Amino acid sequence: MTEPLAPQYDPAQIEAPLYAWWQDQGLFRPEHAPAGLAAEPYVIMMPPPNVTAELHAGHGLNNTVQDVLVRFERMRGRRALWLPGTDHAGIATQNVVERLLAKEGMTRFDLGREAFVERVWSYVHRTGATILEQLKAIGCSADWSRTYFTLDEGLSRAVRETFVRLYEEGLVYRGHYIINWCPRCLTALSNEEAEKEETEGRLWHLRYPLADGSGSVVVATTRPETMLGDTAVAVHPDDERYRDLIGREIRLPLVDRPIPIVADDAVDPSFGSGAVKVTPAHDPADFEIGRRHHLPSIDVMTPEARMSLAAPERFQGLDRAEARRQVVAEFEAAGLLVKAEPHRHAVGHCYRCGTVIEPRLSEQWFVKMEPLARPALARYRDGTLQFIPERRGEDYARWLEGIRDWCISRQLWWGHRIPVWYCEAPGCGRTSVSRTDLERCPGCGGAVRQDDDVLDTWFSSWLVPFSSLGWPDRTDDLRTYYPGHTLVSAPEILFFWVARMIMSGIHMMGEVPYTRMYLHGTVRDTQHRKMSKSLGNGIDPLQVVERYGADALRYSLISGMSVGTDVILDPNDLESSFGPARNFANKLWNAGRFILSNLEGPPRPLAGGPAAVRRDELTLADRWIIARCEATVREATEAYERFRLNEAAAAVYRFIWSDLADWYIEQIKPRLYGDLPGGDVARAVATQTFDVALRLLHPVMPFVTEALWRRFPARPADASISVAPWPRPDHRAEDAAALREFGLVQELVGAIRGIRAEYGVQPGQPVRVVVSRDGGAPDPALGRERATVSRLAKVSELAFREPTERVGGHAVLSDGTSVFVPLGDAIDVGRECGRLSSEVDRLGQLVTSQEKKLGNVQFVSRAPADVVDRERQKLAGWREQREVLVRKRELLGCG
RNA sequence: GGGCGAAUAGCUCAGCUGGUUCAGAGCGCCUGCCUUACACGCAGGAUGUCGGGGGUUCGAAUCCCUCUUCGCCCACCA
């Protein structure tokens with residue numbers, strides 16, 4: 001049907017063409033589901049990568065997990081939609097372009113707002129969404145026809161609709177508060193964007209003299225430079241030490257300004273000196289104290305965090321760090337520095353550039369979060385929202401419980417402009433919030449000026465579960481694909497994105513956007529450090545694809561990850577990280593090549609396919625591999641359902657490599673070659689079980705499985721494994737007897753191989769084997785599988801009788817069957833005695849401890865009957881094995 | 001300061017509801033094989049006080065407590 005498989009597995013040859021073919025066929029569109037529109041939808045929203053992003057290992061993991069889930073559900077017949085998009089990423093993208101400008105010696109201010117935004121657009125258009133192309137290289141089956149960008153017209157409308165609606169509901173407001181300010185990006189940030197980091201700092205104790213010269217108060221601070229903006233000193237109202245000072249005045253050193261001493265409950269008398277300097281313009285807690293006591297706020301810093309005109313002249317223009325040094329120096333010179341002790345505390349850093357955050361008083365827009373958080377918390381408490389792993393749910397709940405209002409305005413140029421217009425007409429000054437652009441003031445008809453700020457990037461991404469489907473229009477897509485089902489995310493963006501999507505979903509759409517939140521781990525290096533560009537410890541997924549194939553990349557990521565734990569990879573040793581998965585793909589390739597090559601030739605009577613095989617035509621090995629296949633279907637399916645993707649992958653790996661390749665294929669060779677009858681049955685069974693295995697593995701290794709699957713006979717030209725039906729469990733395939741009997745055959749083969757290796761029998765040299773069993777005949781299965789044993793263990797004669805010779809290798813199977821390989825002079829009797837003795841000892845120990853266990857009245861009476869029964873059988877088995885070996889030892893004449 | 005996770009072979013990790021996967025896998029290591037699907041392979045082998053200590057139980061890698069080490073998240077004690 002198609003060209004024969006290349007003799008060598010080469011992912012570079014197969015992957016790109018297959019991906020192109022999938023796309024041509026439209027297989028990733030939900031409309032293509034085999035059951036069509038009747039099928040129940042299954043929706044995953046891709047966390048939109050930043051437009052400027054390059055694929056890194058974290059994207060690789062996150063998107064591989066999503067692809068596995070989506071492919072799994074697609075094969076199960078769901079109308080699967082994996083919706084991709086990119087995020088305009090306000091600060092991040094603006095920073096990138098600003099850095100480019102800097103190389104030309106320019107700043108954005110040189111260009112001006114409009115030209116700068118044009119510049120960013122052209123950059124975004126030029127680089128395109130590179131990352132989406134990169135996701136294709138790793139096999140992601142997203143519906144690219146629905147790809148969105150958060151600055152698209154549609155999504156921008158959604159942003160505006162949301163802003164206006166929340167404003168109308170009183171949930172969006174403008175206010176003058178302390179916010180987190182990045183002096184390098186020159187913008188406000190949300191609390192989540194200010195990353196707290198434990199820092200080794202200092203606690204300076206500064207002496208503030210009383211205005212009347214009658215004494216002084218010592219205050220403790222970690223940021224002495226802010227004292228230039230102090231407008232009070234606060235103490236606890238019940239603090240005996242300072243009671244008399246309340247209401248009196250301080251003469252603020254360096255500034256020489258009188259400030260009051262106030263009493264406030266927020267002061268902790270046990271910390272530092274128990275007295276606090278109050279700087280309402282530079283500290284959120286001080287801001288609150290300032291409000292309560294009607295203190296003025298003096299902002300002593302510029303947006304760039306240099307000392308402003310509000311500071312004494314000699315400090316003006318100094319950077320905050322220089323200002324700190326100078327303030328401390330002046331206190332010291334004046335004899336007012338009491339002490340400076342080491343002090344660990346958390347300092348906020350800008351999540352985009354790492355600059356130390358400056359708490360800054362300014363006018364910003366906020367979203368009132370409590371009313372949104374309450375129902376989002378309720379949906380978790382009532383079990384609607386399910387987190388995997390469960391403990392992540394508690395992180396979510398804790399965050400919602402302590403939620404603070406969300407600062408959404410950014411002093412940037414790249415993003416959604418805030419839809420607010422201010423009337424410039426004197427005497428009007430009306431503020432208008434509007435869904436459409438305004439030219440004139442709706443009140444007085446005067447000229448209006450739009451708010452300069454843009455919205456937080458996350459203000460658009462928190463809407464994607466519905467904005468990407470056409471909302472606020474009532475589109476078919478919205479009706480069909482909202483709400484979605486599973487969200488796959490890194491825990492890092494649980495608060496930024498996941499929790500906020502849940503809130504917006506409930507508020508704007510009336511329903512949570514997803515019910516299952518799967519939060520996977522982080523990709524780290526062997527020192528458990530997060531992979532990052534700056535550390536240079538990253539792994540480039542595309543390089544891995546090039547060298548090992550996308551399938552190997554995916555398999556490695558999936559198998560290295562159990563629920564919620566990190567994936568550790570060694571950037572310095574790609575071979576040990578990705579080699580094994582590549583080897584597995586190669587194994588698959590060769591097994592497929594072998595099976596397929598044996599299907600060629602003249603027409604077979606088995607044209608009806610595997611279904612035509614009659615039960616009574618099956619050999620033990622056939623029944624065994626079918627039963628193992630059945631067990632694997634159950635195991636893998638359940639594992640996928642429970643998000644235990646690594647276990648699903650491992651189950652299929654074991655089946656393919658350990659069962660199918662190592663045993664079944666080896667076992668059926670004589671039949672395939674015509675040396676034994678039953679070739680057609682073997683072909684049918686091999687084909688059927690391999691087909692099932694390919695389908696079970698397809699979500700993890702889509703390329704190699706497709707390449708092989710399509711080549712099986714009787715496949716229509718347009719058939720794709722990606723929409724092939726998921727294997728169904730079938731009770732009729734269960735076969736405990738076959739599992740037990742073939743297990744015994746495997747044991748026998750293993751025993752003989754072990755003896756051969758022990759005594760260095762040449763690989764080509766056949767041996768004779770004598771098998772017997774006390775008080776009866778060996779299991780009939782061993783007799784029936786004589787050919788299997790002979791082939792797999794290189795046995796020339798397999799006799800079932802009592803051994804007549806004395807010298808050789810001995811072994812015993814778990815059912816007490818005695819195995820003897822006569823080797824004559826080839827073996828050293830002493831050595832064999834040693835082998836037997838250590839085995840006898842081992843079994844003896846098992847027997848002893850088992851006897852003790854069963855001799856324990858408590859155990860026998862309290863453990864469940866079936867457990868006791870099993871333990872009895874174990875004991876009997878070990879006893880029998882031991883007796884057999886003891887007898888063998890005597891026979892050999894061991895000392 | 002609060003919350004959470006991890007510790008099992010030299011390395012990276014499985015081991016779920018205590019007892020049939022109970023001490024495992026892959027890599028690495030040792031021995032022997034280019035056996036006509038695969039040397040990216042085949043066969044065989046060695047290696048563990050399941051982090052320490054205590055407890056619950058007839059029975060603990062598994063449940064509880066505690067200690068140690070590492071990591072993560074949250075936090076306006078200046």
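Below, all heavy atoms of this structure are taken into account, side chains as well, without hydrogens, waters or symmetry copies. The structure presented is a predicted model; accordingly, all values stated were derived computationally and were not measured. Proteins come first, then strands; the chains are lettered A, B, ... in the order of their sequence lines, and each starts at number 1.
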Please say whether the positively charged group of Lys669(A), taken as NZ for Lys or CZ for Arg, lies over the ring of Phe594(A), i.e. under 6.0 angstrom from the six-membered ring centre and within 45 degrees of the axis. yes

Side chain to side chain contact (heavy atoms under 4.5 Å, CB included) partners for Pro766(A), two or more places apart: Ser796(A)

Within residues 339-348 of chain A, find the residues that approach RNA chain B with a heavy atom at under 4.0 Å, and present them sorted by residue number. His343(A), His345(A), Ala346(A)

Using Watson-Crick and G-U wobble pairs with both distances under 3.5 Å, what is the 5'-to-3' dot-bracket string of RNA chain B, with [ ] for crossing pairs and | for pairs outside the strand? (((((((..((((.....[....)))).(((((.......))))).....(((((..]....))))))))))))....

salt_bridge(Arg398(A), Glu401(A)) N-O dist < 4.0 Å: no

Closest to the Lys587(A) side chain, choosing from G41(B), A78(B), C76(B): G41(B)

Taking only side-chain N and O atoms of Tyr759(A), does any of them lie within less than 4.0 angstrom of OP1 or OP2 on G45(B)? no

Sequence-aligned protein contact record of nucleotides 7-13 of chain B, with B where the base is within under 4.0 Å of a protein heavy atom and S where only the sugar-phosphate is: -----SS

Produce a footprint string for nucleotides 16-30 of chain B: one letter per nucleotide, 5' end first; B if the base is under 4.0 Å from any protein heavy atom, S if only the sugar-phosphate is, - if neither. B--BB-----SS---

Is a donor-acceptor pair below 3.5 Å formed from side chain Glu666(A) to base A43(B), judging by atom type as modelled? no

Can you check whether any acceptor in the base of A37(B) is under 3.5 Å from a donor in the side chain of Gln8(A), or vice versa? no

What orientation do Phe495(A) and Trp399(A) show, parallel under 30°, tilted 30 to 60°, or perpendicular over 60°? parallel

So Tyr9(A) and Trp589(A), would you call those rings parallel, tilted or perpendicular, with 30° and 60° as cut-offs? tilted

Which whole-number value in Å describes the distance from Gln746(A) CD to A43(B) P? 11 Å

Is it the case that the ring center of Phe690(A) lies less than 6.0 angstrom away from the ring center of Tyr664(A)? no

Residues that Tyr396(A) engages under side-chain hydrogen bond (donor to acceptor under 3.5 Å, both in side chains), provided they are two or more places apart: none

Spacing of the [atom1] atoms in [M] and [N] (rounded, Å):
N: U20(B); M: C13(B); atom1: P; value: 27 Å
N: C63(B); M: C16(B); atom1: C1'; value: 14 Å
N: C70(B); M: U12(B); atom1: P; value: 16 Å

